[in-house]
Amino acid sequence: MLVLAVPVIVFSGMFSMLLGYQLPDVGWIGWISPLLGTVMYVWGGRPFLAGAVSELRSRQPGMMLLIALAITVAFLASWAASLGLVHHELDFWWELALLIVIMLLGHWIEMRSLAQTTSALDSLAALLPDQAERVVDNPYATGTELVAPADLQLGDIVVVRPGGRVPADGRIRSGTASMDESMITGESKPVRRADGDPVVAGTVATDSGLRVEITAVGDDTALAGIQRLVADAQNSTSRAQRIADRAAAWLFWFALIAGVITAIVWTLLGMPDQAVVRTITVLVIACPHALGLAIPLVVAIATERAARGGVLVKDRLALESMRTVDTVLFDKTGTLTKGQPTVTAVETVDHGEHRGAVQAGGGDELLALAASAEADSEHPLARAIVAAAEHRHLVLAPATDFSSSPAVGVTATVDGRLVQVGGPNLLHQYNAAELGIAETWRGEGSIILHVLIDGQVAGALQLADEVREESRHAIDALHAHGVQVVMITGDAEAVAASVAAELGVDRFFAGVRPEDKSAKVQQLQHEGRQVAMVGDGVNDAPALAQADVGIAIGAGTDVAIASAGVILASDDPRSVLSVIELSKASYRKMKQNLWWAAGYNVVSVPLAAGVLAPIGFVLPMSVGALLMSLSTIVVAVNAQLLRRLDLRPDTIVPPSRQLQPSTDQRPTVGVGRP
């Protein structure tokens, strides 16, 4: 269409007069613009004309009708001028070409931005290795074989070499590596993954090799799910787009009424020629070039930018609503906490308590013995104890005579000593008393395991669901934005109170059953709050659907994702701040573009109609057309500035802790406000 537009504009008599150059004095030159302009009107203008017919049939005038009105008036006036029926000033072939090209260009830019959103994710597919190294273990062959990733099946074991890419979603069977997951989560910092941890197709093992068991292929992979989410986002309709459509409808009536008034006034003044010129000028320059781009381009770029930052916008309306959220309701387990037990303190009979299982210090011997005894157990608590010892770089001695008793604990011989690790039932067997610190730990909602050596209590371990360090930063930043933070959990009140106090949340709901979570969201909404719910599990789905904005954290559970409007590819709660920042930035750009686009029409139409003619000023058609094109450029450039927004969660700097409630102020439980 641009190829046709160039000769239409260049050989337009009005355009040549505007720029001051002479067209060749050849008869056929004057027919280039009319003929090619007609092709542009019929071909390039077809989408707008068809849309206008649809709007007329539905009796809902909008953007398409306003554009169709402008190009049709320009087309008819230009033919009349070319045939000598009206003044040559109404030769709008060049303006007709610009109208069609700019509106089609705007549509192309929007589609290109949306395509870039998909390509940002499709690039992950391009990063998949061409071949996967599958482990072969059968009577006929051993070792590995090279296969295409599409040929992998569930349960296959693949080898990922150092620096290699994971060919499909899976779980690590052996090995530990720092994984570059930036293409999925948007976080640049590698994440340490070890035995049992999930890995996603396309991520890179940066420093060592792994053996990975394939757990998902084809449409069941995380990548396929992410691509479906982006497609949903592209097809969703935003509130801001509906506002732009309503603005176009008002502008249609504004232009039509202004045109009628212009024709009547100039005719009554005894200047019918000016009546025709002014009326057509009003109708042509009322075309919403900039308004057609104002909202779609911002939304498209925002969606793309979000995807590149690990924020997947499933529903554009949810993104727009996020800027008005004044309360964020976090599910505790797996969202604010890691969802797995961690050793948080060690208490020895001789040396007292030693806080911080990952710090060197007293209690190392007790922890090493307990970890040695637990090394052969697959229980989550045993895994936590072994992980704590490994984090301290403790040497584990080989254990023999291992045995495990449900609800009691484990027993093993380590360096010739009988080591037992267990709960209250283990103490009852030996008529032993628990350590004094146990009551304090129990009040914090922690799990308590005692360690017995040769039948004597040697110490105790405190285990709890570890709070994410990122959660502290996220809550600090939310408070700095004036957002109330509420936590909801099915855990006992003691556990909830401990986590809430540690993080500085404003309120918490404890002991909430999964089916009752949505009722708590309703309770906050009835208090007049705009609520965003952040969760990661199946049991969070009703609450995510009930909230004003549902945010599923992590690339995880299908039901949670299906119920949420925004999906965070990572499990970093700081990404919630990224959504807020993007929502506010997008809204600012939308407002600026709407004011600029609509403001141009409101000012230029009366000037084109001749409202200032009594003082000797009438807006020339050529100047109005140039200003119209300029407004389109301004709107497009303004929208592009959104690309400068950094949405990576690891760039969020937590503000001072003084913004949080003081340490002696406990969070509010259940109802009420702090």
Side-chain angles (χ1 to χ4, degrees), residues 178-194 197-198 200 203 306 308-312 322 325 327-342 344 356-359 384 387 391 464-481 483-489 496 498-506 508 532-537 540 549 551-556 560 564 566-582 645-661 667:
S178 292
M179 303 298 296
D180 178 4
E181 301 177 350
S182 58
M183 65 286 294
I184 288 290
T185 65
E187 297 183 32
S188 56
K189 184 178 180 181
V191 179
R192 199 70 179 169
R193 300 296 185 195
D197 289 341
V200 178
T203 55
R308 291 184 182 274
V311 178
L312 309 175
M322 196 63 191
V325 163
T327 301
V328 176
L329 178 63
F330 283 101
D331 176 60
K332 180 185 79 71
T333 305
T335 302
L336 293 177
T337 64
K338 294 185 176 180
Q340 56 190 21
T342 304
T344 54
V358 297
Q359 299 176 359
H391 206 97
D465 188 0
E466 185 179 5
V467 171
R468 299 181 189 274
E469 184 61 32
E470 300 89 346
S471 298
R472 297 182 175 90
H473 299 169
I475 291 173
D476 282 352
L478 286 170
H479 282 150
H481 280 75
V483 176
Q484 184 185 69
V485 180
V486 184
M487 184 182 75
I488 189 168
T489 179
S498 174
V499 174
E502 181 177 355
L503 290 175
V505 302
D506 302 297
F508 67 86
M533 167 69 186
V534 186
D536 72 332
D540 297 325
V549 180
I551 302 176
I553 193 168
V566 177
I567 317 298
L568 306 182
S570 75
D571 56 6
D572 191 335
R574 292 177 298 180
S575 295
V576 176
L577 273 299
S578 300
V579 182
I580 293 177
E581 291 293 343
L582 180 62
L645 192 64
D646 191 351
L647 297 179
R648 292 175 300 166
D650 53 5
T651 62
I652 295 177
V653 180
S656 170
R657 293 289 291 189
Q658 67 183 4
L659 294 170
Q660 295 222 44

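Computed from a predicted model, the values in this text were never measured in an experiment. Residue numbers run from 1 in the order of the sequence given.
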The reported gap from CZ in R192 to CE in M179 (rounded to nearest 0.5 angstrom) is 10.5 Å

| said: Counting C-beta onward and ignoring hydrogens, is there a side-chain heavy-atom pair between L478 and I580 closer than 4.5 Å? | reply: yes

G504 and H479 have their tightest heavy-atom pair at O-CE1, 3.0 Å

d(R472 CZ, L336 CG) to nearest 0.5 Å is 10.5 Å

For P341 and A384, the nearest pair of non-hydrogen atoms, with its separation, is O-CB, 3.3 Å

*Minimum side-chain heavy-atom gap V534-D331 below 4.5 Å*: no

Only one of V576, I551, L503 passes side chain to side chain contact (heavy atoms under 4.5 Å, CB included) with F330, and that residue is V576

Applying side chain to side chain contact (heavy atoms under 4.5 Å, CB included) to A496 and not counting sequence neighbours gives M487, T489, F508, A510

Heavy-atom side-chain contact between L582 and M322 under 4.5 Å: no

Scanning both residues in full, the closest heavy-atom pair of V328 with V325 reads CG2-CG1, 4.1 Å

Contacts of A464 meeting side chain to side chain contact (heavy atoms under 4.5 Å, CB included) (sequence neighbours excluded), chain-then-number -> T344, S446

### Message
Could you tell me if the side chain of R468 sits less than 4.5 Å from the side chain of R574, heavy atoms only?
### Response
no

Open item on the list: Main chain of G535, side chain of T335: is a donor-acceptor contact present, judged purely on distance under 3.5 Å?
Closed with: no

Point to revise | Sidechain-backbone polar pair: D506 side chain, V485 backbone, donor-acceptor under 3.5 Å | key: yes

